[in-house]
Every structure is written in C-alpha cells, then in structure tokens.
Amino acid sequence: MNQDKQQTLPPQWRQWLLENLRRGCNPVQLAEILRENGLEQCTVALNEHELGLISGAEGVAVRPQPTTERNTLEVDGHTVHIVGVLDQPQVIFYDHLLSDEECDALCRLADETFVPATVVDEQDGSFTPHPHRSSEHACFMRGQTALIETVEKRIARLLDWPQENAEGMQVLRYATGGEYRAHFDYFDPQHPGSAKQMASGGQRIGTMLMYLSDVEAGGGTRFPELGLEARPRKGSAIYFAGVDAYGQIDPLSLHASVPVISGVKYAATKWIREKPYH
Ligand code: PD2
Ligand code: ZN
C-alpha cells in the first residue's frame with residue numbers, strides 16, 4: 001500500500017463501517033463498497049469498546065448452523081441420518097427425517113384440503129397462482145395437529161433454530177407433469193412486494209423440504225447453478241439456506257422442482273425465517 005495516500009476514514013464512513021460490522025455484514029462486501037467510493041486505503045483506529053461491539057457480532061447467528069459432525073442424530077427418540085453436505089451454499093441431505101407412517105399421515109391429512117399452489121407476487125406481495133408452479137398445496141398453521149407439531153419440533157432441534165422462526169407447513173402434491181420452475185424461496189429486497197412478506201418474521205433464510213412419497217421418475221429438486229439434483233425418496237429431506245453466512249441473499253440457492261414424469265410426488269416444506277413469524 002502507498003503510505004503517502006493513507007488517511008483516516010471520514011467520520012460518517014467510520015460510523016457506517018462500524019454499524020455494518022456490528023450487524024454481521026460480510027466484510028468483503030463492505031470493503032468492496034469502500035473501494036467503489038475510493039476509500040480502500042483509509043485506516044480505521046478502533047477503541048476497546050468498539051472492538052468489543054464488533055467481535056460481539058460474531059456470536060449473532062444470522063442463519064441456522066445445524067450440526068453435521070455426526071452421521072446419525074437422535075432427535076426425541078427418532079433417528080435421522082445425514083447422507084450429504086454441501087458447504088456453499090449450505091445444503092444438508094437427510095434420510096429418515098420422517099417415518100413411513102408420518103409421511104402417510106401427512107399425505108392423508110393434506111388430501112382433504114389441497115388447492116392450486118400459489119407464488120408470492122413480486123409487485124404487491126400477495127399469494128397468486130402462476131403457470132410456473134403447477135402443483136397443489138395444503139397449508140397448515142404451526143402446531144395445527146400433534147403430528148405437525150412433532151415434525152416442527154424435530155426440525156427446530158435439527159437446525160438448532162427456534163420453532164417460532166418458521167412458517168406453517170405446506171404439503172405439496174405434484175401430478176404427472178407437475179413442476180415448480182426455477183425460483184428463489186427468499187424475498188428479493190428489490191421487489192416492491194417483499195416488504196409485506198417480511199413484515200413478520202423477516203427474511204426467509206432457509207427451506208426444509210421433506211419428501212413424503214417415492215416417485216417413479218422425475219420430480220427431483222434441482223439446483224441449476226450447482227448442477228445438483230436431489231431425488232425424492234419417502235422420508236428423506238433436504239435443508240438449503242437462502243442466505244450466506246453473513247445473512248445476504250444467495251443467488252446460488254436458485255432451485256426448481258423438475259417435472260414428475262411418472263407417479264405422484266408428495267412433499268412438504270417448512271420455510272425458516274430469521275425472526276419469530278406470526
Ligand atoms: O417440491 C420441490 O421439490 C420443491 C422444489 C423447490 C419445492 C419448492 N421449491 C418450494 O415449495 O419452494
Ligand atoms: Zn422453492
């Protein structure tokens with residue numbers, strides 16, 4: 001670095017930098033913004049108090065940090081297997097998250113209430129049917145039945161994330177040809193409709209997608225940016241984060257439910273929020 005050019009960061013920028021480091025923002029992105037503003041060579045002297053505040057940010061979890069050390073996890077008397085892990089974006093593949101009986105019971109419960117599935121309208125944040133999502137869904141409130149509550153508790157334990165920081169369960173049914181084209185589960189802050197969805201619970205930071213049926217052909221969950229596809233298997237599940245380790249939305253989480261070629265696909269989603277969702 002050219003020492004002649006070195007100067008102290010202007011006070012308003014200093015405040016901006018400290019504030020964002022404290023919030024846990026990605027330091028690389030903050031450095032990039034400083035560079036864009038010609039401030040990359042400035043120095044910042046921090047006092048002890050400020051250092052304490054920033055280092056405190058490390059302890060604030062912006063997304064679940066599920067344990068992946070063990071291959072088998074005992075959760076409230078139920079044994080779940082971790083069968084795969086991707087670090088970036090964060091994707092965890094679980095087997096036997098649900099028993100066959102739990103899958104069947106969720107399908108039967110949903111069979112009574114299926115309606116055409118909707119997506120969030122980018123403009124006004126309302127739920128609206130869309131040709132890119134040709135499936136049916138049944139929406140449940142958190143804790144609506146004892147079984148739903150059991151599954152929600154299990155997910156909260158697996159992810160080590162509060163049960164109330166999640167939306168209610170949605171059970172999905174895809175007939176042959178049914179699909180959900182490539183999309184993000186997070187709310188894009190650039191879209192006018194996102195503020196309405198984020199008013200309660202903040203950002204959708206992750207998705208637990210559970211497969212409730214085997215499917216003869218098709219029906220995988222595909223991540224086109226990763227060249228990765230999870231295939232449905234009754235009782236298995238994938239968890240994927242929609243934000244990076246700094247809580248920034250992650251475009252690599254783009255995903256789709258590819259068309260069912262043969263059979264019927266049942267799945268269930270639990271969308272995980274950054275804050276309590278009501
Ligand atoms: O059912 C799926 O595989 C799937 C894939 C991608 C569901 C969703 N997204 C969703 O409901 O958001
Ligand atoms: Zn999705």
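Remember, predicted model here, so these are calculated numbers, not experimental data. What's counted below: heavy atoms across the whole structure, side chains too, no hydrogens, waters or symmetry copies. Note that the numbering runs from 1 along the sequence shown for the chain. When a ligand or atom number is given, it counts from 1 through the structure's own listing order.
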*Asks:* Please, which pairs that meet side chain to side chain donor-acceptor pair (under 3.5 Å) have at least one residue in residues 114-124, sequence neighbours excluded?
*Replies:* Asp124-Ser126

*Asks:* Could you see which bit of Arg133 sits under 4.0 Å from ligand 1, with heavy atoms only: side chain, backbone, both or neither?
*Replies:* side chain

*Asks:* Are Glu167 and Arg204 ion-paired here, with the side-chain N under 4.0 Å from a carboxylate O?
*Replies:*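 Yes, charged N to carboxylate O under 4.0 Å.
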
*Asks:* Polar-atom distance check: Tyr174 versus ligand 1, any N or O pair below 3.5 Å?
*Replies:*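 For ligand 1, there is an N or O atom that lies under 3.5 Å from one belonging to Tyr174.
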
*Asks:* Would Arg154 and Glu152 pass as an ion pair if we require N to O under 4.0 Å?
*Replies:* no

*Asks:* How long is the gap from CH2 on Trp271 to CG on Leu209, to the nearest 0.5 Å?
*Replies:* 9.5 Å

*Asks:* Quick check for you: with the Zn ion (ligand 2) as the vertex, what angle do NE2 of His255 and NE2 of His183 span, to 10°?
*Replies:*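 The two atoms form an angle at the metal of about 90°.
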
*Asks:* Pick one: which of Asp160, Leu73, Ile92, Leu158 meets side-chain contact (heavy atoms from CB on, under 4.5 Å) with Pro66?
*Replies:* Ile92

*Asks:* Is ligand 1 less than 4.0 angstrom away from at least one heavy atom of Arg222?
*Replies:* no

*Asks:* Considering distance alone, does some N or O of Asp185 sit under 3.5 Å from an N or O of ligand 1?
*Replies:* yes

*Asks:* Are more than 12 heavy atoms from other residues, nucleotides or ligands located less than 6.0 Å from atom CD of Gln12?
*Replies:* yes

*Asks:* With a cut-off of 4.0 Å, which atoms of ligand 1 are near a heavy atom of Leu209?
*Replies:*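 By the 4.0 Å cutoff, the relevant atoms are 1 (O), 2 (C), 3 (O), 4 (C), 7 (C).
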
*Asks:* At a 4.0 Å cut-off, with the gap strictly under it, does some heavy atom of Lys265 reach an atom of ligand 1?
*Replies:* yes

*Asks:* Taking the six-membered ring for Trp, are the ring centroids of Phe223 and Phe240 within less than 6.0 Å of each other?
*Replies:* yes

*Asks:* Distance under 4.0 Å to a non-hydrogen atom of Trp271: what atoms of ligand 1 satisfy this?
*Replies:*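 Close to Trp271: 10 (C), 11 (O), 12 (O).
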
*Asks:* Thr269 heavy atoms, cut-off 4.0 Å: which ligand 1 atoms fall inside?
*Replies:*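 Those qualifying, in numeric order: 11 (O).
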
*Asks:* Heavy-atom distance to atom 10 (C) of ligand 1: which of Tyr211, Tyr180, Phe184 wins?
*Replies:*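 Going through Tyr211, Tyr180, Phe184 one by one, Tyr180 has the nearest heavy atom to atom 10 (C) of ligand 1.
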
*Asks:* List the closest protein heavy-atom neighbour of atom 6 (C) of ligand 1: residue, atom name, distance to the nearest 0.1 Å.
*Replies:*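 Going atom by atom, the protein heavy atom closest to atom 6 (C) of ligand 1 ends up being His255 CD2, 2.9 Å.
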
*Asks:* Under 3.5 Å between any N/O of His183 and any N/O of ligand 1: does that happen in this structure?
*Replies:*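 N/O-N/O distance below 3.5 Å exists for this pair.
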
*Asks:* Could you tell me which N, O or S atom of Asp185 is nearest to the Zn ion (ligand 2)?
*Replies:*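 Of all N, O or S atoms in Asp185, the Zn ion (ligand 2) lies closest to OD1.
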
*Asks:* Would His137 count as a contact of ligand 1 if the rule is a heavy atom under 4.0 Å away?
*Replies:* no

*Asks:* Are Arg63 and Asp244 within salt-bridge range, i.e. N to O under 4.0 Å?
*Replies:* no

*Asks:* Salt bridge or not for Glu229 and Arg222, using N-O below 4.0 Å?
*Replies:* yes

